[in-house]
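We count residues from 1, following the sequence as given. Indexing begins at 1, ligand by ligand and atom by atom, following the structure's order.
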Amino acid sequence: MLDHTPNRPDLPREIARRRTFAIISHPDAGKTTLTEKFLLYGGAIQMAGQVRAKGEARRTRSDFMKMEQDRGISVSASAMSFDFKEFRFNLVDTPGHSDFSEDTYRTLTAVDAAVMVIDGAKGVESQTQKLFEVCRMRDLPIMTFCNKMDREARDTFEIIDEIQEMLAIHVTPASWPIGQGREFLGCYDILRHRLELMNRADRNKVAQSIAIDGIDDPKIAEYVPADLLEKLREDLEMARELLPKLDPQAVLEGHMTPIWFGSAINSFGVKELMDGIGTYGPEPQPQSAQPRQIGPDESKVSGFVFKVQANMDPKHRDRVAFVRMASGHFTRGMKLTHVRSKKPMAITNPVMFLAADRELAEEAWAGDIIGIPNHGQLRIGDTLTEGEALRVSGIPSFAPELLQGIRAGDPMKAKHLEKALMQFAEEGAAKVFKPMIGSGFIVGVVGALQFEVLASRIELEYGLPVRFETSQFTSARWASGPREALDKFINTNKQHISHDHDGDVVYLTRLQWDIDRIERDYPDITLSATKEMMA
Ligand SMILES: Nc1nc2c(ncn2[C@@H]2O[C@H](COP(=O)(O)OP(=O)(O)OP(=O)(O)O)[C@@H](O)[C@H]2O)c(=O)[nH]1
Ligand SMILES: [Mg+2]
């Protein structure tokens, strides 16, 4: 578990200014839109793109895959780094759809905090709840952004109560909405006593911010109509009585979440949220690893791979490992030890993810997320160190729940298909099994949409149309045991045996009965539904 001890030694300034966090929520709450506005305020881009961009309109930077752009949903986590005031933000936009949650869960092992986005009309939705529980398990501090306040939203107290009750966390308002729906004017910034007014005319424009001297300042009446002002005063009075005050330590411990209200698409409330992440968000935290935890202030460099993405740039066929730096000050060209293979690796062309561009990373500090282009040596869960045999632990691997056969439209292209599938398997986008008997491959995923992503990417990135067909199997189990027992098991069950992309033995079946039988008949063989990420 992470340890947020407040009195650990001071971090070097470069590390202390880093804020590494994921944006999480139920599908469609506005994560990608919010990410885009973060980039805008961070000065990383000049103009925000849109999730459902039509014609010549700009697209968002984090939904860079074609399928994401066509459908207006995120299917893959993407990282971005930028400066905001004195802070360096490393942000990961995650997909909300549960079919892609393995990617999101892995991302949560690589960040120090999460921004939870809630749709103001919908409140806490099912996926919000699941993701929140993962954050809770890791004691991640959470900042909440209640989005889409430009539309009809639920009552503010009701939303806050729902979060407190459903998620069992204290909620403290950092801002308070004034009016709602068409009448939504903006927010009262409780932390800094300012009036923030939304500009509906220009979505890319910074909100008008007016300094006031507390809620009784007569100046407010110049901007807020009498009825709304009266309600605001009443609400704030009630909030003061009923809701907890911001306790920064409780936020860092994950027991309290501050909530900001806003509208990502109108760029509203975003800057206040960013200030909040800077001020109340955690510095890079210790990373749990075996046999010991890694402290961000250690002088030796270490980091671990939490995601691999092939063909990020369609122009260069390459594979990028997303590495979260866990400690030290990395400089380009350093030789690090790849702990799994015990081999040295010279990191000569690491990249930083800057909005849509990648740029050579000359250096990186604990907390940063960098990309390391490679030819498949780097896998999810791998640790890089200056020699010590440390392994970062706790990166989840989900059991495949849906199996389908896959074939190339053109049977002559089977070899090509194999290559593409192996790449995606190494990326963690799907599990791929090659049966011992017969031709073709079986693909295993967690959610049905992953099949579609796979088909679309194989066609786009490898120029291979493919089709899926129902498989006679519905479950996959990794088999392990002593060599001799395993060989005997394989030889007598050939019809059910396949190998994954690492050559490991996988038993396929459609009957739980088979699995029970194997466990009974082969006491030396262990069947498991997931495969450990680390060898
Ligand atoms: N009215 C309104 N619509 C918004 C706002 N923010 C985002 N949207 C719209 O909500 C839809 C979903 O936004 P996204 O940013 O793609 O949501 P997401 O959370 O990234 O979705 P997934 O990645 O698919 O889970 C888009 O059509 C946005 O334009 C807002 O503040 N107000
Ligand atoms: Mg998205």
Residue part near ligand 1, for Leu34, under 4.0 Å between non-hydrogen atoms:
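It is neither part, as no heavy atom is under 4.0 Å.
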Side chain, backbone, both or neither: which part of Thr32 comes within less than 4.0 Å of ligand 1 when only heavy atoms are counted?
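Both of them.
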So, Lys531 and Ser397: side-chain donor and acceptor under 3.5 Å apart, yes or no?
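Short answer, no.
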Establish, from distance only, whether the side-chain atoms of Glu196 and Ser209 form a donor-acceptor pair under 3.5 Å.
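Their side chains do contain a donor-acceptor pair, which is all the 3.5 Å distance test asks for.
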Any N/O pair [X]/ligand 1 closer than 3.5 Å:
X	value
Ile265	yes
Asp63	no
Arg151	yes
Asp150	yes
Asn147	yes
Gly262	no
Pro95	no

Please confirm whether the backbone N or O of [Y] pairs with a side-chain atom of [X], one donor and one acceptor, at under 3.5 Å?
X	Y	value
Asp155	Glu158	yes
Arg319	Glu426	no
Thr94	Ile23	yes
Glu68	Val75	yes
Asn147	Asp119	no

Is Thr33 close enough to the Mg ion (ligand 2) to have an N, O or S atom under 2.8 Å?
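Thr33 does not place any N, O or S atom closer than 2.8 Å to the Mg ion (ligand 2).
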Taking 2.8 Å as the cut-off, does an N/O/S atom of Thr35 lie below it from the Mg ion (ligand 2)?
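No, outside the cut-off.
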With respect to Tyr105, which candidate in Phe398, Phe100, Phe306 satisfies the ring-ring contact (aromatic ring centres under 6.0 Å, His included) definition?
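The option that passes is Phe398.
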Asp28 near ligand 1 by a heavy-atom separation under 4.0 Å
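Per 4.0 Å heavy-atom rule, Asp28 contacts ligand 1.
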Just jot down the ligand 1 atoms closer than 4.0 angstrom to any heavy atom of [X], in number order.
X	value
Pro27	25 (O)
Ser263	30 (C), 31 (O), 32 (N)
Gly30	13 (O), 14 (P), 15 (O), 17 (O), 18 (P), 19 (O)
Thr33	6 (N), 7 (C), 13 (O), 14 (P), 15 (O), 28 (C)
Gly96	25 (O)
Ile73	24 (O)

Parallel, tilted or perpendicular for Phe21 and Phe89, by the 30°/60° rule?
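Judged by the thresholds at 30° and 60°, the geometry between Phe21 and Phe89 is perpendicular.
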Can you classify the ring geometry of Trp176 versus Phe261 as parallel (below 30°), tilted (30 to 60°) or perpendicular (above 60°)?
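Correct class here is tilted.
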I'd like to know whether Phe84 forms a ring pair (Phe, Tyr, Trp, His ring centres under 6.0 Å) with Phe38, so could you lay out the CA-CA distance, the side-chain angles of the two residues, the decisive distance to 0.1 Å, and finally the verdict.
CA-CA 9 Å; Phe84 174 71; Phe38 272 70; 8.3 Å; no
